[in-house]
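Here's the structure we're looking at; comments come further down.
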Amino acid sequence: MESKYDHQKFEREIYRKWEDPGAFKPGNGKKPFCIIMPPPNANDPLHVGHAMFVAIEDILIRYQRMLGRKTLWLPGTDHAGIETQYVFEKKLAKEGKSRFDFDRETLYKMIWNYVQDNSNVAIDQIKRLGASADWSRKKFTLDPEIVDFVLDTFIKLHQDGLIYRDLKLVNYCVKCGTAFSNLEVGHEERKTPLYYLKYGPFTLATVRPETKFGDTAIAVHPDDKRYKKYVGQEIGAEGLLGKFKIKVIADSSVDPKFGTGAVKVTPYHDHNDFAIWKRHPELPKPAQVIGQSGKLNQNAGKYSGLRVMKAREVIVEDLKRLGLLVKVDENYHNSVGVCYRCGAVIEPLPMKQWFLRVKPLTEKALEALSKKQVRVYGSGHDKILKHWLENLEDWNISRQIVWGIRIPVWYQKNSTEYVVAKESPGKNFVQETDTFDTWFSSSQWPVVTLKTNQPKDFETFYPTDVTETGYDILPFWVMRMLMMGIYLTGEVPFKKVYLHGLIRDEKGQKMSKSKGNVINPLVMIDKYGADALRMALVIRSTPGQDKGMGEGDVRGMRNFSNKIWNAARYINLKSQNSNLKTTIQNPKPDREFYKRLSQTASLATKHLSNYRIGLAAETVYNEFWHWFCDEAIEKNKRQEISDKAIFEGLVTFLKLLHPFMPFVTEAAWGEIKKQKTKNNEQRTMMEEMLISAEWPK
RNA sequence: GGAUCGUUAGCUCAGGGGUAGAGCACUGCAUUCACAUUGCAGGGGCCGUAGGUUCAAAUCCUACACGAUCCACCA
């Protein structure tokens with residue numbers, strides 16, 4: 001054995017030695033254990049978030065496998081609709097092209113090929129972390145059988161009356177060219193000038209003067225004495241496009257203390273105004289003034305064709321000139337909806353979209369939570385999940401992008417009639433151009449991956465045991481899987497949810513490319529080994545709690561890998577010269593040694609079965625280094641503890657450490673097995689490979 | 001406006017009613033003897049503040065302060 005553990009020399013070879021004979025397959029255990037891997041974007045390079053989920057899930061999987069359970073970690077990849085199309089369009093832009101240069105089929109094909117070319121990027125990198133997943137069962141969200149299942153789900157939902165098409169104000173990103181669900185809209189505090197405009201006898205405060213051509217009413221609070229006389233009346237006013245008339249209504253959502261206590265109602269360009277409009281059926285149908293291009297349309301008269309911000313500028317100038325601008329509050333701050341993907345301001349636009357009625361699904365999910373059919377690990381996130389479920393609005397599942405599963409709806413030409421079907425119902429029908437939100441397929445992931453795999457997989461492994469992911473996608477993925485899993489099967493899709501925290505830099509700041517403080521997991525693996533990275537991520541981590549981490553942490557754990565290796569080397573060198581002595585020379589110290597060894601094993605086991613992974617890692621770390629190495633091995637050198645005890649101690653610790661640091665423990669296992677199996681008793685203690693060894697009691 | 005979480009060593013974080021822990025950083029000593037990617041020794045904490053419960057509080061409860069995050073129809 002070399003005096004230093006060389007991870008580069010072992011990792012790839014050991015991974016093959018596990019995978020080739022099928023060590024990642026479920027095996028013959030009686031009690032099943034299953035985790036569905038969160039499907040990473042098919043072509044996404046590895047980041048530290050992936051490393052975190054692999055580390056934690058692989059620990060759970062290896063632990064359960066060693067306990068002898070029929071263990072399945074089912075992997076897959078996601079087409080990641082908007083994410084992927086966004087990346088692809090950026091690539092097109094570099095070549096001086098845009099998506100509008102291609103027809104739908106060509107564009108889809110191009111993205112498909114692009115994803116194919118990169119499809120192994122994520123998988124190969126996840127393998128480098130040591131993920132012991134059953135790759136023979138891997139699924140991709142656009143595999144034909146998956147698509148087929150997802151379409152069936154939509155049809156079933158439609159039959160059950162949970163799907164509807166409606167004109168609503170949706171969150172539209174002009175830059176990405178698609179609508180989003182409410183969840184994908186971020187809110188940012190921004191300085192936005194507040195303009196006070198003259199509307200006949202009223203002065204109204206607004207941050208969006210450019211939408212005034214879509215004004216449908218003026219609203220005041222019902223108890224506001226200043227304006228009571230106008231309520232119900234139509235007032236005349238001078239505007240940019242000449243004289244106009246507008247109705248005054250009373251609505252209790254108006255805050256009399258804000259601005260002048262009177263507000264313009266622009267239903268097609270503001271969510272709140274849309275809600276007011278819905279409450280007042282006496283109001284006329286509103287006009288839309290901004291189109292999907294982000295430019296003002298013909299309803300804005302001479303301002304049509306201007307982009308929103310430019311239009312605001314020009315219109316404010318004109319209002320000023322006409323004396324219709326009373327004053328401007330330049331220091332006003334408000335919260336603006338922005339696209340989570342590209343950061344552009346979200347434009348609320350009226351569009352016909354497909355919605356999923358969520359109430360019947362959230363009710364069942366809440367029931368499952370209150371019956372404790374699902375347990376959430378992650379400080380406070382159980383309450384957050386509940387809050388989400390109690391307040392969830394209908395889910396807009398339409399996206400105006402091509403990279404995704406096309407909605408199976410067919411419209412009859414020159415008619416509003418439509419048919420929901422997988423195949424075209426006839427020549428006079430054209431298919432809906434929208435695709436599903438990526439999360440629509442992800443929400444069915446535990447069900448669909450098990451149902452389209454080996455014959456008995458679904459029956460054996462559903463409901464799965466744990467779902468594990470970062471808390472940042474709790475509402476996007478976990479909540480929706482819970483809803484859809486129950487809907488499709490009548491049972492929860494998982495019994496436990498483990499939400500890991502986000503990894504920050506060593507100063508506790510968020511990692512971002514622009515800050516340059518990103519830890520690249522592949523660089524860490526190359527430098528210090530996958531084991532070191534995994535252990536650094538996991539040790540003393542707490543579910544739901546963020547953790548700061550730097551290269552020093554990884555280096556420290558690399559030192560630990562080396563410590564493990566050298567403990568094995570110590571035993572090997574010893575037995576090279578003479579057979580290990582099996583006679584117990586000092587019964588009392590040995591007894592104490594065995595006692596602490598078994599206490600350590602049961603403590604680690606207790607922590608792991610309670611999903612206290614960070615604590616389990618810390619326990620085995622401390623006991624191995626500071627007790628087994630620093631004390632016990634030193635005593636063995638002085639023959640105060642027997643060789644047999646030390647050998648058995650090492651065997652136990654390699655097993656306890658294996659889920660956390662699989663490569664170095666497997667390498668060390670191989671070395672001691674190779675070196676010393678003359679002694680029968682020792683040989684029978686060691687199974688062929690550590691990955692399939694039995695967990696210590 | 002609502003909610004959730006946090007505040008422990010210089011930094012990053014564990015712990016969670018009974019004498020304060022780890023990694024990194026720091027100081028001193030040790031080098032053919034598994035490992036210098038090491039060992040031994042050490043410095044460094046009124047565990048955010050104020051009350052309460054208790055024989056006993058860093059730990060449980062209440063309030064407050066500060067910080068972070070999420071949600072929200074702040075015109």
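Just so it is clear: chains get the letters A, B, ... in the order the sequence lines come, proteins before strands, and each one is counted from 1. From a predicted model like this one, the values you see are computed outputs, not experimental measurements.
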rA30(B) and rA58(B), which share atom name C1', separated by this distance in whole Å: 37 Å
Taking only Lys NZ, Arg NE, NH1 and NH2, and the carboxylate oxygens of Asp or Glu, determine whether R190(A) and E188(A) approach each other closer than 4.0 Å. yes
Output yes when at least one side-chain N/O atom of R504(A) is less than 4.0 Å from OP1 or OP2 of rU69(B), else no. no
Checking base pairs now: Watson-Crick or wobble, both atom distances under 3.5 Å. What partners rC70(B)? rG2(B)
Hunt down the Watson-Crick or G-U wobble partner of rG45(B), both distances under 3.5 Å, from any strand shown, or write none. none
Whole angstroms only, please: what is the NE2-P distance between H387(A) and rC5(B)? 13 Å
Counting just side-chain N and O atoms, does N334(A) come under 4.0 Å of either OP1 or OP2 of rA75(B)? yes
Does the ring center of F180(A) lie less than 6.0 Å from the ring center of Y172(A)? no
Identify whether any heavy atom of E631(A) sits under 4.0 Å from a base atom; if not, whether one sits that close to sugar-phosphate; answer base, sugar-phosphate or nothing. nothing
Looking at the side chain of K563(A), which of rG16(B), rA34(B), rU37(B) is the nearest nucleotide? rA34(B)
Suppose you measure atom P in rC74(B) against the same atom in rG48(B); what distance do you get, rounded to whole Å? 36 Å
Result for side chain to side chain donor-acceptor pair (under 3.5 Å) between D224(A) and one of K228(A), R226(A), H221(A) points to R226(A)
rG39(B) phosphate, OP1 or OP2, under 4.0 Å from W625(A) side-chain N/O: yes
When the ring centroid of W625(A) is compared with that of F653(A), is the distance short of 6.0 Å? no
Please name the nucleotide paired to rU53(B) by Watson-Crick or G-U wobble geometry with both distances under 3.5 Å, or report none. none
Would E648(A) and K644(A) pass as an ion pair if we require N to O under 4.0 Å? yes
Taking a pair as Watson-Crick or G-U wobble with both distances under 3.5 Å, which nucleotide is matched to rA14(B)? none
Should D270(A) and R208(A) count as an ion pair when the cut-off is N to O under 4.0 Å? no
Of all the choices, rU38(B), rU4(B), rA22(B), which nucleotide is nearest to the side chain of E618(A) once you look at every atom? rA22(B)
Paired to rA58(B) by Watson-Crick or G-U wobble criteria (both distances under 3.5 Å) is none
Determine the Euclidean distance between corresponding C1' atoms of rU31(B) and rG16(B); express it in Å to zero decimal places. 42 Å
Heavy atoms under 4.0 Å, any strand shown: does K264(A) hit a base, just sugar-phosphate, or nothing? nothing
Give W565(A) one of three labels, base, sugar-phosphate or nothing, depending on what nucleic acid heavy atoms sit under 4.0 Å from its own. nothing
Is rU32(B) paired to anything, Watson-Crick or G-U wobble with both distances less than 3.5 Å, and if yes, which nucleotide? none
Just N and O in the side chain of N622(A): are any of them under 4.0 Å from OP1 or OP2 of rG21(B)? no
Closest-nucleotide ordering on RNA chain B, the 5'-leading residue of E634(A) and H626(A): H626(A)
Separation of rA14(B) P from F660(A) CZ (nearest whole Å): 16 Å
Specify the residue among N566(A) and E506(A) whose closest nucleotide of RNA chain B lies further upstream toward the 5′ end. E506(A)
Considering only the P atoms, how many Å lie between rG6(B) and rU59(B), rounded to the nearest integer? 13 Å
Distance below 4.0 Å between T542(A) side-chain N/O and rA14(B) OP1 or OP2: yes
Can you check whether Y332(A) has a side-chain N or O nearer than 4.0 Å to OP1 or OP2 of rA75(B)? yes
Identify whether the distance between the nearest side-chain nitrogen and carboxylate oxygen of E623(A) and R596(A) falls below 4.0 Å. yes
Could you tell me if K168(A) sits above the aromatic ring of F355(A), with its cationic atom closer than 6.0 Å to the ring centre and no more than 45 degrees from the axis? yes
Taking only the C1' atom of each, what is the distance from rG2(B) to rA20(B) in whole angstrom? 38 Å
Take the protein atom CD1 of I633(A) and the nucleotide atom P of rC40(B), then report the distance between them rounded to whole Å. 12 Å
Please state whether the base of rA3(B) and the side chain of K383(A) form at least one donor-acceptor pair under 3.5 Å? no
For nucleotides rG23(B) and rA9(B), find the distance between their C1' atoms and express it as a whole number of Å. 12 Å
Whole angstrom value for the distance that separates P of rU38(B) from NZ of K637(A): 14 Å
Please classify the nucleic acid contact of R190(A) as base, sugar-phosphate, or nothing, using heavy-atom distances under 4.0 Å. nothing
To the nearest Å, how far apart are E671(A) CD and rA34(B) P? 17 Å
Rounded to the nearest Å, what distance is computed from the CE atom of residue M557(A) to the C1' atom of nucleotide rU12(B)? 11 Å
Using Watson-Crick or G-U wobble geometry with both distances below 3.5 Å, tell me the partner of rA9(B), or none. none
If you check every side-chain atom of Y570(A), which of rC13(B), rA34(B), rC5(B) has the closest atom? rA34(B)
Hey, does D630(A) reach any base, or is it just sugar-phosphate, or nothing, if we go heavy atoms under 4.0 Å? sugar-phosphate
Looking for any heavy atom pair under 4.0 Å, which part of the strands does S379(A) touch: base, sugar-phosphate only, or nothing? sugar-phosphate
Establish, yes or no, whether the cationic atom of K212(A) lies under 6.0 Å from the six-membered ring centre of Y199(A) and within 45° of the ring axis. yes
Among rA75(B), rC70(B), rC74(B), find the nucleotide with the atom closest to the side chain of E189(A). rC74(B)
Classify V265(A) by what it touches in the nucleic acid, base, sugar-phosphate, or nothing, heavy-atom distance under 4.0 Å. nothing
Interatomic distance, R569(A) CZ vs rU37(B) C1' [rounded to whole Å]: 13 Å
Please work out if Y621(A) contacts a base, only the sugar-phosphate, or nothing of the nucleic acid, heavy-atom cut-off 4.0 Å. sugar-phosphate
Provide the distance between the two C1' atoms, one in rG1(B) and one in rC11(B), to the nearest whole Å. 36 Å
Check the phosphate of rA72(B) against H187(A), side-chain N and O only, distance under 4.0 Å to OP1 or OP2. Yes or no? yes
What is the separation between atom CG on D505(A) and atom C1' on rU12(B), rounded to the nearest whole Å? 10 Å
Any salt bridge between R312(A) and E210(A), counting N to O under 4.0 Å? yes
So which nucleotide from rA75(B), rA34(B), rU4(B) ends up closest to the side chain of C629(A)? rA34(B)
So which nucleotide from rU37(B), rA14(B), rA75(B) ends up closest to the side chain of R540(A)? rA14(B)
Span that lies between the C1' atom of rG42(B) and that of rA3(B), in whole angstrom: 47 Å
When all nucleic acid strands are considered with a 4.0 Å heavy-atom cut-off, which category describes A567(A): base, sugar-phosphate, or nothing? base
Determine the contact category for K4(A): base if any of its heavy atoms lies under 4.0 Å from a base atom, sugar-phosphate if only primed atoms, P, OP1 or OP2 are that close, otherwise nothing. base
